[in-house]
Amino acid sequence: MPEQCDPRPYDALLLLSFGGPEGPDDVVPFLENVTRGRGIPRERLKEVGQHYFLFGGVSPINAQNRELLDALRTDFAENGLDLPVYWGNRNWAPYLTDALRTMVHDGHRRIAVLATSAYASYSGCRQYRENLADALAALRAEGLELPQVDKLRHYFNHPGFLRPMTDGVLASLAELPEEVREGAHLAFTTHSIPAAAADSSGTPADHTRGGEGGAYVAQHLDAARVIVDAVRAETGVEHPWRLVYQSRSGAPHIPWLEPDICDHLEEAHAAGVPAVVMAPIGFVSDHMEVRYDLDTEATAKAAELGLPVARSATVGADPRFAAAVRDLLLERAAAERGGTPERCALGALGAGHDLCPVGCCPARTPRPAAAGADWRGPVAEAPA
């Protein structure tokens, strides 16, 4: 087998995502899954679910994951990579545990995992590792032989992630009226998270205090700078830009990352900014946080202000992103075989770690998390 197409020791890839409802009757049960253990009343969940009901109770994320699944399988086949691809979700069908069970029954014992979250954070990385640990524990309780699972590295700065994003920004600039295009500001958006969680994101060496945001903020800023530089190289224009946030869902008294996109639009308009491109670099696909918080809420705010806006595309199932996943898989496979593969990364931060170290994106209450240096098996206790 040619080295460049050799997936060994892996015998399958698992696409691991968040999941979403696919009809009105799914919305509240889905939200109960998302908020399990937080004691949120069902009536409150119905109120939260209004965003989904505006779209017929259907989140676009599952359909977009199916498109990505097809894109991965097509890319693998066209490039001679003979590796099956499965899909499992954290919060809705197809569930992660069911997907892993199927993979075990199909004979797979060494599984690479791609999470649909590009950046370091508890909810975007370690929580997926905890989900993997929970699923493995469930399979062990059923008496099944457990596979080894390895989570692929963060890909926020991989060319196959950033170049489609750059093209999306360029296309959005072209959509703006010519008279405001050159002066347009770029608002790079991502999911707001508690400031304390941001400060403890990434490896212990990345952790900060005082709201600097740890690896979560640093990685987004690095990705944004790459895109800004690429846009300048293409257009000759240095567009002002800022990292802003959206989709806050926590208690008002807990500090979360700011500014919110709608607040930013108000500030930009007050400062005389002629137009804004909203670039959702924190998201892999156009799921509910993009369709509602940007396409609905933020766009309505801009219309209220009389501020021209355009929203750029996420990578979704772009063939370049599918190729990036193949690259990440083969890179990790070569490293597992003892090689020193080239690790593609743009920007200043370089390629991330393959194995999350102890203390990486810690949870408030320690729990076992698979595919990291602190993993000692599905029934092991997490380190204090």
Colleague: Do the side chains of I61 and F283 join up, straight or via other hydrophobic residues, at under 4.5 Å, putting them in one cluster?
Modeller: no
Colleague: For V104, what residues pass the side-chain contact (heavy atoms from CB on, under 4.5 Å) criterion, not counting sequence neighbours?
Modeller: R109, L139, L144, P147
Colleague: To the nearest 0.5 Å, what is the distance between CZ (R101) and OG1 (T97)?
Modeller: 6.5 Å
Colleague: Under a 3.5 Å threshold, yes or no: a donor from one side chain and an acceptor from the other, between T116 and S17?
Modeller: yes
Colleague: Is there a donor in the side chain of Y216 and an acceptor in the side chain of T190, or the other way round, less than 3.5 Å apart?
Modeller: yes
Colleague: Taking CD in E179 as the centre, count heavy atoms belonging to other residues, nucleotides or ligands within less than 6.0 Å. Is the count above 12?
Modeller: yes
Colleague: May I ask you to decide whether D354 forms a salt bridge with K151, counting only side-chain N to carboxylate O separations under 4.0 Å?
Modeller: no
Colleague: Salt bridge or not for R110 and D11, using N-O below 4.0 Å?
Modeller: no
Colleague: Which heavy atom of A345 sits nearest to which heavy atom of P159, and what is that distance?
Modeller: N-CD, 4.3 Å
Colleague: Between E336 and R8, does at least one N-O distance fall below 4.0 Å, as a salt bridge requires?
Modeller: no
Colleague: For a salt bridge (Lys or Arg N to Asp or Glu O under 4.0 Å) check, start with the C-alpha distance between R181 and E178, then their side-chain angles and the critical distance, and finish with the verdict.
Modeller: CA-CA 5 Å; R181 188 178 304 150; E178 186 174 358; 5.2 Å; no
Colleague: Quick one about E130 and Y122 (side-chain donor to acceptor, distance below 3.5 Å, no hydrogens or angles considered), yes or no?
Modeller: yes
Colleague: Going only through I, L, V, M, F, W and Y residues with side-chain contacts under 4.5 Å, is there a path from V169 to L162?
Modeller: yes
Colleague: Using 0.5 Å steps for rounding, measure from the CG atom of L13 to the CD1 atom of I111.
Modeller: 9.5 Å
Colleague: Do E304 and K301 meet the salt-bridge criterion of a basic N to acidic O distance under 4.0 Å?
Modeller: yes
Colleague: Do H264 and E266 get their side chains close enough for a donor-acceptor pair, meaning under 3.5 Å?
Modeller: no
Colleague: Show your working on side-chain contact (heavy atoms from CB on, under 4.5 Å) between H220 and I281 and close with a plain yes or no.
Modeller: CA-CA 8 Å; H220 281 86; I281 61 169; 4.2 Å; yes
Colleague: So which heavy atom on L146 is nearest to which on R140, and how close?
Modeller: CD2-N, 3.6 Å
Colleague: Step by step, would you call R163 with D318 a salt bridge (Lys or Arg N to Asp or Glu O under 4.0 Å)?
Modeller: CA-CA 10 Å; R163 286 174 181 155; D318 189 292; over 6 Å; no
Colleague: Picking from N65, L96, N33, what satisfies side-chain contact (heavy atoms from CB on, under 4.5 Å) with N89?
Modeller: N65
Colleague: With rounding to the nearest 0.5 Å, note down the distance linking NE2 in H154 to NE2 in H158.
Modeller: 14.5 Å
Colleague: Salt bridge (Lys or Arg N to Asp or Glu O under 4.0 Å) for E78 and R326? Distances and angles first, verdict last.
Modeller: CA-CA 11 Å; E78 290 178 347; R326 169 169 45 88; over 6 Å; no
Colleague: Less than 4.5 Å apart, any side-chain heavy atom of R126 and any of C356?
Modeller: no
Colleague: Do F53 and V58 come close enough that some side-chain heavy atom pair is under 4.5 Å?
Modeller: no
Colleague: Hey, what do you get for CG (L152) to CG (L330), rounding to the nearest 0.5 Å?
Modeller: 10.0 Å
Colleague: How far apart are the C-alpha atoms of V244 and M278, what are their side-chain angles, what is the distance that settles it, and do they pass the side-chain contact (heavy atoms from CB on, under 4.5 Å) test?
Modeller: CA-CA 9 Å; V244 301; M278 300 181 293; over 6 Å; no
Colleague: Of R291, R311, Q64, which meets side-chain hydrogen bond (donor to acceptor under 3.5 Å, both in side chains) against D286?
Modeller: R311
Colleague: Mind checking the CD-CG spacing from E238 to D229? Nearest 0.5 Å is all I need.
Modeller: 7.0 Å
Colleague: Taking it one step at a time, do Y292 and Y52 satisfy ring-ring contact (aromatic ring centres under 6.0 Å, His included)?
Modeller: CA-CA 9 Å; Y292 180 80; Y52 292 94; 9.2 Å; no
Colleague: Check this for me, if you would: do R73 and E67 make a salt bridge, where the nitrogen-to-carboxylate-oxygen distance has to be below 4.0 angstrom?
Modeller: no
Colleague: Can a side-chain donor-acceptor contact be found between S247 and E289 if the only test is distance below 3.5 angstrom?
Modeller: no
Colleague: Using the rule that Ile, Leu, Val, Met, Phe, Trp and Tyr join whenever any side-chain heavy atoms are under 4.5 Å apart, tell me whether I261 and F188 fall into a single cluster.
Modeller: no
Colleague: Any idea which heavy atoms bring A371 and L355 closest together, and the distance?
Modeller: O-CD1, 3.8 Å
Colleague: First locate atom CG of D293, then atom OH of Y245, and finally report the distance between them rounded to the nearest 0.5 Å.
Modeller: 15.5 Å
Colleague: Which heavy atom of A133 sits nearest to which heavy atom of A370, and what is that distance?
Modeller: CB-N, 3.7 Å
Colleague: Looking at every non-hydrogen atom in both residues, tell me the closest pair between C5 and G80 and how far apart they are.
Modeller: CB-O, 3.9 Å
Colleague: Salt bridge check, R129 against D374: does any charged N sit closer than 4.0 Å to a carboxylate O?
Modeller: yes
Colleague: Can you see which heavy atom on Y128 is nearest to which on S117, and at what distance?
Modeller: CE1-CB, 4.2 Å
Colleague: Could you tell me whether the side chain of C361 reaches within less than 4.5 Å of the side chain of S200, counting heavy atoms only?
Modeller: no
Colleague: Answer with yes or no whether the hydrophobic clustering places V27 together with V290; edges join I, L, V, M, F, W, Y residues whose side-chain heavy atoms lie under 4.5 Å apart.
Modeller: no
Colleague: Can E47 and R42 be counted as an ion pair, charged N to O under 4.0 angstrom?
Modeller: no
Colleague: Are L294 and I193 connected into the same hydrophobic cluster when the rule is that any two of I, L, V, M, F, W, Y join if their side-chain heavy atoms are below 4.5 Å apart?
Modeller: no
Colleague: Side chains of V325 and Y155, heavy atoms from C-beta outward: is any pair under 4.5 Å?
Modeller: no
Colleague: Can you see whether Y10 has R332 sitting over its ring - NZ or CZ less than 6.0 Å from the centre and within 45° of the normal?
Modeller: no
Colleague: Heavy atoms, side chains only, cut-off 4.5 Å: are E175 and L173 in contact?
Modeller: no
Colleague: Looking at E32 and R36, is any side-chain nitrogen of the basic one under 4.0 Å from a carboxylate oxygen of the acidic one?
Modeller: no
Colleague: Take C344 and D327 through the test side-chain contact (heavy atoms from CB on, under 4.5 Å) and record every step on the way to the result.
Modeller: CA-CA 8 Å; C344 293; D327 179 65; 4.0 Å; yes
Colleague: Is there a ring-ring contact (aromatic ring centres under 6.0 Å, His included) between H108 and Y86? Walk through the geometry before answering.
Modeller: CA-CA 11 Å; H108 300 297; Y86 295 75; 5.4 Å; yes
